[in-house]
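What follows is a single structure, written as C-alpha cells, with notes after it.
Just the heavy atoms: all of them, side chains too, but no hydrogens, waters or symmetry mates, feed the values below.
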Amino acid sequence: MIDLTDQPHRRFNPLIEEWVLVSPHRTKRPWLGQKEILPPDNRPHYDPSCYLCPGNIRANGEQNPQYDSTYVFVNDFAALLAPEPDARGTAFLGGQSRDVA
C-alpha cells in the first residue's frame, strides 16, 4: 500500500473526467531561492490625475467627496447592470422579485 501523503500517484478528477498526477513529496523540498526586497513606498499622498483621489472628478463625471479614510465607490464600469422593473412593477433579482416604488 502506498502512502498517498508522501508518494507520487494518480487520482481521478470526476469534474474533468481525467486522471491527474499528484506529487505530494515535492512540498517537502527546501526552498533557498531568491528573496525579494520590497521597493520603498514613496507613492504621493494625492495625485491630481487620479480619478479615485478625494475631490477629483470620477470617470463617470461626478466629483469625489473630500474623504480622509476608507471610502466605498460605486463601480463606474460594473459588469452587471442594476435590476430594471418589469411590466408588473417588480424587479427580478436572482429568482426572487422585489417591489419597486
Side-chain angles (χ1 to χ4, degrees):
M1 186 78 175
I2 69 168
D3 181 6
L4 296 179
T5 63
D6 192 45
Q7 299 295 318
H9 59 281
R10 295 185 326 154
R11 292 185 188 174
F12 185 74
N13 183 334
L15 297 177
I16 60 173
E17 296 183 356
E18 290 182 5
W19 288 92
V20 294
L21 296 175
V22 179
S23 299
H25 66 285
R26 291 176 54 96
T27 61
K28 296 178 182 176
R29 65 182 175 206
W31 173 250
L32 299 175
Q34 180 177 348
K35 294 186 179 183
E36 298 289 337
I37 299 173
L38 295 176
D41 188 9
N42 57 359
R43 294 174 290 177
H45 180 70
Y46 173 78
D47 181 357
S49 64
C50 174
Y51 58 88
L52 296 178
C53 280
N56 289 356
I57 304 297
R58 301 257 310 276
N60 66 4
E62 296 177 12
Q63 185 172 9
N64 290 331
Q66 291 292 338
Y67 60 89
D68 59 0
S69 65
T70 304
Y71 184 76
V72 177
F73 291 94
V74 173
N75 188 344
D76 293 332
F77 303 100
L80 301 175
L81 300 176
E84 294 185 17
D86 65 9
R88 297 180 306 246
T90 60
F92 181 74
L93 294 174
Q96 302 174 349
S97 18
R98 178 182 65 148
D99 290 332
V100 177

Exercise: identify the closest heavy-atom pair between Q34 and E36: NE2-OE2, 3.1 Å

Enumerate, atom names and distances included, each donor-acceptor pair closer than 3.5 Å involving a side-chain atom of residues 52-60, sequence neighbours excluded.
unit_1	atom_1	unit_2	atom_2	d
N56	OD1	Y46	OH	2.4
N56	ND2	D47	O	3.0
N56	ND2	P48	O	3.4
N56	ND2	C50	O	2.6
R58	NE	D76	OD2	3.2
R58	NH2	V74	O	2.8
R58	NH2	D76	OD1	2.7
R58	NH2	D76	OD2	3.1
N60	OD1	E62	N	2.9
N60	ND2	D76	OD1	3.0

Side-chain touch E17/F12, heavy atoms, less than 4.5 angstrom: yes

Nearest atoms (heavy-atom pairs only) where H25 meets D6: CB-O, 3.1 Å

Heavy-atom closest pair, residues L4 and H9: O-CE1, 3.2 Å

Residue pair F73 / Y51, side-chain heavy-atom distance below 4.5 Å: no

